[in-house]
Amino acid sequence: ANFRCNVARTPEAALECFKEKHHDLVIIDHRHSRYFDAESLCREVLLIYFYLNGFVDLFGVCCCRPDREEASVMPLIKSGFNRRYVENANMMACYNELLQLERGEVLAQFKLRACNAIFTALEQSQEAIEITNEDQVIQYVNPAYESIMGYQQGELIGKEITEVPKSEKNKPDLLETINSCIRKGKEWQGIYYAKKKNGDSVQQNVKITPVIGQGGKHKDRRKGSLDVRSTTSRGSDGSSQRRHSSMARIHSMTIEAPITKVINIINAAQESSPMPVAEALDRVLEILRTTELYSPQLGTKEEDPHTNDLVGGLMTDGLRRLSGNEYIFAAKQPHLPSHLAMPLSLNDIPPHVAQTMENEDSWDFDIFNLETACLKRPLTYLGLKIFSRFGVCEFLSCPEATLRSWLQGIEANYHSTNSYHNSSHAADVLHATAYFLCKERIDEVAALIAATVHDVDHPGRTNSFLCNAGSELAILYNDTAVLESHHAALAFQITTRDDKCNIFRNMERNEYRTLRQAIIDMVLATEMTKHFEHVNKFVNSINKPLAALEENGRSLSRESVKGILTSPDNRILVKRMLIKCADISNPCRPLELCIEWAGRISEEYFAQTDEEKRQSLPVVMPVFDRNTCSIPKSQISFIDYFITDMFDAWDAFADLPNLMQHLDNNFKYWKGLDERKLHSLRPPPE
């Protein structure tokens with residue numbers, strides 16, 4: 001039956017085993033009763049359980065030989081057993097009994113254990129909650145309800161809802177509409193006026209949910225089995241089953257989220273709609289109530305394994321499987337190599353390095369030439385030039401020496417051993433960010449700093465890996481945006497730890513807080529779990545309004561565009577989209593650069609898969625097995641699923657025909673390799 005079990009041969013061994021394992025089901029074989037006292041052993045087990053948990057909900061079974069005369073089960077009940085099972089030579093009968101124990105009583109005990117936690121949650125909820133039984137008698141109200149409505153629990157519990165004063169502001173037929181929904185087993189949600197104890201009416205958004213549960217007592221009449229609880233339950237007829245419901249009424253104050261307003265409007269429209277429309281609106285409500293409003297639905301794993309693995313690896317936080325292995329990854333003290341201890345000046349950049357940066361304002365700039373020329377320190381050199389071009393020191397009121405020290409400190413905390421997430425990737429993202437800022441100059445300093453620090457101290461492993469491995473960072477950040485939270489936090493720790501590299505030291509407090517929030521928001525936007533949310537919000541709030549201006553025959557004047565872009569919410573969307581596009585722009589680079597980046601990210605994923613197998617962790621991206629992976633297929637899936645729609649939207653906003661041409665060329669290149677059934681980065685030599 002796939003149970004995890006332990007077998008003990010003596011009472012002493014059984015007690016020791018139970019102390020260690022805390023089993024949910026204990027079966028005592030008492031067919032040879034002269035060797036030990038089953039009732040005493042049961043009492044000792046229960047004492048241990050009570051000592052460990054403070055309550056008893058253990059399920060115990062005593063197995064006995066058949067008696068000539070049916071013996072009373074009362075001694076077994078008094079000693080703590082829940083059930084007696086008579087010896088049966090039929091294996092299937094024993095197997096069936098075990099399954100029924102699990103599906104019935106043991107599962108019920110699991111649910112009961114959750115009750116304390118559930119009521120603790122209800123007590124601490126800020127929503128007002130009222131629970132009634134099927135006869136509409138109030139059974140429970142939480143402290144938030146008492147606070148909002150002005151009643152005490154003792155004034156309400158045991159009263160029928162009809163006894164509690166109602167507000168006259170509700171429509172006469174509203175209660176009948178609500179009761180009609182409940183009778184059909186449907187949830188009702190809408191605006192309801194409640195009357196407080198002091199007589200005031202308060203408008204609330206109310207959700208009423210009918211909860212159906214299994215009630216009554218039931219006695220099994222299986223041969224050889226006697227249900228101890230059924231035979232001793234008072235008032236049970238041993239055969240009937242009764243269904244009864246309770247209603248949980250959840251009140252919110254008048255502050256409503258936009259999605260709640262939408263749902264309320266649809267609910268109201270349903271009441272006067274013909275059946276086909278009402279059913280269609282039901283489907284709309286189901287979709288709106290999901291937590292994944294922006295994530296497209298994938299095909300099956302078999303239909304598209306590469307896309308499924310990419311989504312699983314990049315857009316989830318791991319499988320939460322318990323493991324004895326822990327991946328230790330904690331923030332280190334910033335490290336500055338000795339040969340970088342003296343900050344260099346922009347004027348001191350060696351000529352051969354400066355030569356590689358002559359075209360850094362071009363999209364076709366080759367970051368790998370710079371990486372080679374400066375011995376894998378491209379972020380400091382490129383950062384000095386780009387930050388100087390955008391006047392960052394002037395904006396921050398900081399000396400150039402401070403900026404140089406800061407760039408070196410940040411670069412020293414990128415891992416040069418990572419094949420992809422190293423300072424070359426950070427420099428590449430900084431370059432793309434600067435290029436985009438020339439198209440749309442918006443919060444330039446925040447964007448450049450965010451690009452520089454967005455992957456600092458990246459371990460070369462995904463969030464899913466860290467969560468599955470139980471890493472210190474995953475624990476610290478509660479398995480949510482683990483790496484992105486760490487990058488942002490560590491960047492500010494490095495910056496503010498030493499005045500020599502604190503580029504924010506001379507900023508006014510409020511300006512610093514505004515800049516800090518913008519940087520953090522942009523770094524967190526690089527986390528992939530909200531990829532589609534960011535893209536769709538950008539399309540709906542930026543692309544479509546701008547397109548509507550053109551369609552209506554209005555030219556895109558500076559004033560009309562400004563009206564859309566000056567909204568604080570829309571400015572945030574643009575900044576998020578900018579850094580997201582910069583972060584994963586590799587497929588839009590010239591072909592040779594695209595191929596190099598594809599090889600590097602694939603190698604990093606291969607290394608993760610190797611380590612997952614070594615540590616017996618869940619393999620979150622199985623297609624990235626270095627022995628079987630098709631790199632062209634993985635690139636095609638990545639472009640199809642993540643890149644195309646995002647860059648179509650960004651191109652419509654920022655006008656980037658050269659990037660879109662590169663994207664088209666690169667996609668055709670990977671398609672060509674895949675059609676030839678090649679798995680490598682390049683075709684074999686002719």
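When atom types are taken as modelled, the side chain of E371 and the backbone of S424 share no donor-acceptor pair closer than 3.5 angstrom. Formation of a donor-acceptor pair under 3.5 Å by the T402 side chain with backbone atoms of N502 is not found in this model. No donor-acceptor pair closer than 3.5 Å links the side chain of N586 to the backbone N or O of A598. With hydrogens and angles ignored, the 3.5 Å screen pairs no side-chain donor or acceptor of N369 with any backbone N or O of T356. No side-chain donor-acceptor contact under 3.5 Å links D674 to the backbone of W670. S471 contributes a side-chain N or O that, together with a main-chain N or O of A474, makes up a donor-acceptor pair within less than 3.5 Å. Although no hydrogens or angles enter the test, the distance criterion places a donor-acceptor pair under 3.5 Å between the side chain of K385 and the main chain of M357. No donor-acceptor pair under 3.5 Å is formed between the side chain of N478 and the backbone N or O of T480. Under the 3.5 Å distance criterion, the side-chain polar atoms of H454 are matched with a main-chain donor or acceptor of A451. A donor-acceptor contact shorter than 3.5 Å links the side chain of H487 to the backbone of V456.
With sequence neighbours excluded, no residue forms a side-chain hydrogen bond (donor to acceptor under 3.5 Å, both in side chains) with D648. Residues forming a salt bridge (Lys or Arg N to Asp or Glu O under 4.0 Å) with K613 (at least two apart in sequence, or on another chain): D625. For D664, the salt bridge (Lys or Arg N to Asp or Glu O under 4.0 Å) partners two or more places apart in sequence, or in a different chain, are K668. Residues passing the salt bridge (Lys or Arg N to Asp or Glu O under 4.0 Å) test with E604, sequence neighbours excluded: none.
Note that CG of L673 is 8.5 Å distant from CG of L681, once rounded to the nearest 0.5 Å. Rounding to the nearest 0.5 Å places CG of D569 at 11.5 Å from CZ of R571. The CD atom of E527 lies 11.5 Å from the CG atom of D583; values are rounded to the nearest 0.5 Å. The OG atom of S416 lies 6.5 Å from the NZ atom of K376; values are rounded to the nearest 0.5 Å. Distance check, rounded to the nearest 0.5 Å: OG of S637 to CD1 of I643 gives 12.0 Å. Separating the CZ atom in R626 from the OG atom in S602 is a distance of 10.5 Å, to the nearest 0.5 Å.
Ring orientation note: the planes of Y435 and W363 are tilted relative to one another, at an angle of 30° to 60°. Ring planes of W650 and F436: perpendicular class, angle over 60° (limits at 30 and 60°). Relative orientation of the H425 and H421 rings is perpendicular, given thresholds of 30° and 60° on the angle between their planes.
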| Run the side chain to side chain donor-acceptor pair (under 3.5 Å) check on Y477 and N463 step by step: do they pass? | CA-CA 11 Å; Y477 294 111; N463 279 333; over 6 Å; no

| said: Could you walk me through whether F465 and T462 satisfy the side chain to side chain contact (heavy atoms under 4.5 Å, CB included) test, starting with their C-alpha distance in whole Å, then the side-chain angles of each, then the deciding distance to 0.1 Å, before giving a yes or no? | reply: CA-CA 5 Å; F465 177 94; T462 64; 3.8 Å; yes

| Chi angles and distances behind the side chain to side chain contact (heavy atoms under 4.5 Å, CB included) call for K580, M528 | CA-CA 9 Å; K580 281 183 63 59; M528 293 298 287; 4.2 Å; yes

| Does the pair L430 and L379 meet the rule for a side chain to side chain contact (heavy atoms under 4.5 Å, CB included), with working shown? | CA-CA 8 Å; L430 174 61; L379 185 58; 4.2 Å; yes

| request: Under the side chain to side chain contact (heavy atoms under 4.5 Å, CB included) rule, what do I639 and F647 come out as? Steps first, then yes or no, please. | output: CA-CA 10 Å; I639 291 171; F647 272 91; over 6 Å; no

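A donor-acceptor contact closer than 3.5 angstrom is absent between the side chains of N418 and H458. Side chains of N665 and Q661: a donor-acceptor N/O pair is present below 3.5 angstrom, by distance only. D457 and H415 form a side-chain donor-acceptor contact under 3.5 Å, judged by distance and modelled atom types alone. At a cut-off of 3.5 Å, with distance as the only test, no side-chain donor of T526 or E484 sits close to an acceptor on the other residue.
With respect to the salt-bridge test (charged N to carboxylate O, under 4.0 angstrom), the residues R389 and D361 do not qualify. Look at D655 and K439 and you find no salt bridge, because none of the NZ, NE, NH1 or NH2 atoms lies under 4.0 Å from a carboxylate O. Ion pairing between a basic and an acidic side chain is recognised when a charged N comes within 4.0 Å of a carboxylate O; E592 and R682 show such pairing. In this structure, K671 does not pair ionically with E675, as no charged nitrogen and carboxylate oxygen lie closer than 4.0 Å.
Exactly one residue among F638, F624, Y420 makes a ring-ring contact (aromatic ring centres under 6.0 Å, His included) with Y605. That residue is F624. Partner I410 forms a side chain to side chain contact (heavy atoms under 4.5 Å, CB included) with one of L490, T380, I494 and no other, that one being I494.
With contacts defined as side-chain heavy-atom distances shorter than 4.5 Å, the pair D443/M522 does not qualify. Here the side chains of L678 and P683 are in contact, with some heavy-atom distance below 4.5 Å. Using a 4.5 Å heavy-atom threshold, the side chains of R589 and I367 count as separate. Residues L524 and S485 are in side-chain contact: their nearest non-hydrogen atoms beyond the backbone lie under 4.5 Å apart. Residues L437 and L578 form a side-chain contact, since some pair of their non-hydrogen atoms from C-beta on lies under 4.5 Å apart. D455 is not listed as a side-chain neighbour of V429, based on a closest heavy-atom distance of 4.5 Å or more. Between M507 and L515 the shortest side-chain heavy-atom distance falls below 4.5 Å. Side-chain contact between P350 and Y381 is present, with heavy atoms from C-beta onward closer than 4.5 Å.
Every pair passing ring pair (Phe, Tyr, Trp, His ring centres under 6.0 Å) that includes a residue from residues 496-527 is listed here, sequence neighbours excluded: F492-F504, F504-Y512. Here salt bridge (charged side-chain N to carboxylate O under 4.0 Å, His left out) pairs that include residues 511-520, with residues two or more places apart or in two chains, number zero.
Counting heavy-atom neighbours within 6.0 Å of F395 CZ, excluding the residue itself, gives a total of 12 or less.
In terms of heavy atoms, N506 sits closest to P399 at ND2-CD, 4.5 Å. Between V620 and E612, the closest heavy-atom pair is CG2-OE2, 3.4 Å. Contact record, P684 with R676: CD-NH2, 4.3 Å, taken as the closest heavy-atom pair. In plain terms, the two heavy atoms of V353 and A373 that are nearest each other are CG2-O, 3.7 Å.
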